[in-house]
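Heads up: the structure comes next, in structure tokens.
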Protein chains: 2
Amino acid sequence: MKELTQSEENYIKAIYYLQKVMDKPVGTNDLANRMDTKASSVTDMVRRLSEKDLIIYEKYKGCELTITGQEAALKTIRKHRLWETFLVEKLNFGWEEVHEIAEQLEHIQSVKLTNKLDEFLDFPKFDPHGDPIPDQNGKLAQREESFKLIDLEVNVPAIIIGVSDSSASFLKYLDKHGIQLGVAVKVIDRFEFDHSTEVLINDKMLSLSAAASSKITVQVK
Amino acid sequence: MKELTQSEENYIKAIYYLQKVMDKPVGTNDLANRMDTKASSVTDMVRRLSEKDLIIYEKYKGCELTITGQEAALKTIRKHRLWETFLVEKLNFGWEEVHEIAEQLEHIQSVKLTNKLDEFLDFPKFDPHGDPIPDQNGKLAQREESFKLIDLEVNVPAIIIGVSDSSASFLKYLDKHGIQLGVAVKVIDRFEFDHSTEVLINDKMLSLSAAASSKITVQVK
DNA sequence: ATATGTATTTAGATTAATCTAATCATTTAT
DNA sequence: ATAAATGATTAGATTAATCTAAATACATAT
Ligand SMILES: [Mn+2]
Ligand SMILES: [Mn+2]
Ligand SMILES: [Mn+2]
Ligand SMILES: [Mn+2]
């Protein structure tokens, strides 16, 4: 299995992600959209990837990862999340700054480096956004059952364990309101008409939009 | 000043290096040789670099860096040497393993990352091979006067402060004989006919070839 | 089933980075 | 000063990754 180019690694990651969320073959436009390129470019690339047996692709039918492709995806994701952890834990970056840099660092090719970094960080199981970090064998830590904050029942104490949107704008918004991983939350009230939620966080009341609360993952204590 | 491609950064570094050691305009073949490519590829690339005002280039006359080009070179060298330091100091890599990985890491584009890394490492002045690390402004620490071990007078105590060859084979050879930066050396005898040198290192006598002793930099205590 | 619209692929170009083989320029040696 | 050797450039191809515009296939609604 030869090394992948940066572009190939990025595509493989995107396919991995889309496969997960839509649970059916990934269409050319979905990919083009996610990768922020044109459909014609995607068609070219999926040809190459399928040539290398990283995906199964049939004209007009979309694509999905082979086992080899999944392994490749997990390797890249492992690197990405380890680097994000490094940037936050060791270099004191904010969690909203690290994704972009990790997009580059994830392409560094050295298994030894990855494993030494892992060790240096004390084998973290989750990255700064609460996403699981694949281990050397590509295995992901299994989480206790978790919900989106928007689905958490009223008056049930819970803890914030992740976010499903790592965009700088969202994360900065959370920072402003003292919302971090590990913090306790309780839903005090919810309004049917717009699904906005009143929550208690850090002893302060806060009203969250449906958009926000649907992107925050919590776990009941 | 737009970002440079990896290839451009590598060429700029090579020109910087060659300019230093040969002290005259860098020829196409010198560069081709150093970059391990073909002269025709170099001609193409120096055209591009000169187009971007990173070098001055005239057909058949070789090239040299402009001020902008020198700044670019120093930025890349800074990243390279900081990463090498990180790999040795924090991740416990051997000094013979880090160059290759740093060749990749040096292309990560984030000034903030570079500066935070610098801080994390406590603003090191020299990398694991004894080469100076440019600071934020591209300034290199000036060394006390130093010599090559091959030029060190007999019976003058000195300290090893650098190597001018960072190839894995040479560094492994040094490791085998306990030769590291910071270690004390004294030349006991030197033989005219092949310039081999008898040295005392770590309380042990050792005979070094001219090839070896000409690549070790020392400083008189 | 036919038409319409959307998804996807093709055709044809472009740009960076590389190569080989051929040509041209400069330097050096006779 | 001329020839030979060395150094450098050009011409022409190739490959990855991208694009625009045109063509085609598939899905859906009437
Ligand atoms: Mn990320
Ligand atoms: Mn990436
Ligand atoms: Mn190096
Ligand atoms: Mn490099």
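Source: prediction; values computed, not measured. Because only heavy atoms are used, hydrogens play no part in the values below, and waters and symmetry mates are left out as well, while side chains stay in. The chains referred to below are lettered A, B, ... by the order of the sequence lines, with proteins before strands, and numbering in each begins at 1.
Taking atom NZ of residue B:Lys52 and atom P of nucleotide C:dT15, one finds them 13 Å apart after rounding to whole Å. One interatomic measurement links the two molecules: CD of A:Glu8 to P of D:dT15, which rounds to 15 Å at whole-angstrom precision. When the C1' atom of C:dT27 is taken as reference, atom NZ of B:Lys61 falls 14 Å away, rounded to whole Å. As rounded to whole Å, 11 Å separates atom P of D:dT9 from atom CG of B:Leu31. As rounded to whole Å, 10 Å separates atom P of D:dA17 from atom CD of A:Gln6. B:Lys24 places its NZ atom 17 Å from the P atom of C:dT26, with the value rounded to the nearest Å. Spacing between atom OH of B:Tyr57 and atom P of D:dA8 amounts to 9 Å, rounded to whole angstrom units. In this structure, B:Asp36 atom CG and C:dA17 atom C1' are separated by 15 Å, rounded to whole Å.
Between A:Leu171 and A:Trp95, the shortest heavy-atom contact is CD1-O, 3.3 Å.
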Given side-chain hydrogen bond (donor to acceptor under 3.5 Å, both in side chains), test A:Lys148 with A:Thr217 step by step and report yes or no. CA-CA 4 Å; A:Lys148 293 302 169 191; A:Thr217 310; 2.9 Å; yes
Evaluation steps, side-chain hydrogen bond (donor to acceptor under 3.5 Å, both in side chains), between A:Arg78 and A:Asn115: CA-CA 10 Å; A:Arg78 170 169 162 79; A:Asn115 292 336; 2.6 Å; yes
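For B:Ser41, whose side chain is taken as the heavy atoms from C-beta onward, the closest listed nucleotide among D:dC19, D:dA17, C:dT18 is C:dT18. Comparing D:dT9, D:dC26, D:dT18 by their nearest atom to the side chain of B:Ala39 picks out D:dT9. Here the nucleotide nearest the side chain of A:Thr43, chosen from C:dT20, C:dT10, C:dT18, is C:dT10. Proximity note for A:Ser40 (side chain, C-beta onward) versus C:dA11, D:dT18, C:dA17: the nearest is C:dA11. The side chain of A:Tyr60 sits closest to D:dT24 out of D:dT24, C:dT26, D:dA17. Among the nucleotides C:dA17, D:dT20, D:dT9, the one closest to the side chain of A:Lys38 is D:dT20.
Taking only side-chain nitrogens and oxygens, B:Lys59 comes nearer than 4.0 Å to OP1 or OP2 of D:dT10. Residue B:Arg47 places at least one side-chain N or O closer than 4.0 Å to OP1 or OP2 of D:dT10. A sub-4.0 Å separation between OP1 or OP2 of D:dA16 and a side-chain N or O of A:Tyr11 is absent. Dashed line: the shortest gap from a side-chain N or O of A:Asn29 to OP1 or OP2 of C:dT8 is under 4.0 Å. Note on A:Arg48: every side-chain N or O is 4.0 Å or more away from OP1 and OP2 of D:dA16.
Nucleic acid contact class of B:Thr5 (heavy atoms, under 4.0 Å, all strands): sugar-phosphate only. Among the heavy atoms of the strands, none lies under 4.0 Å from B:Gly62. Looking at heavy-atom distances under 4.0 Å, A:Thr28 makes contact with sugar-phosphate atoms alone, never a base.
With 3.5 Å as the limit, one finds no donor-acceptor pair spanning the side chains of B:Asp165 and B:His129.
Note: B:Phe191 and B:His195 fail the aromatic proximity criterion, with ring centroids not under 6.0 Å apart. Remark: aromatic rings of A:His99 and A:His80 are close, center separation under 6.0 Å.
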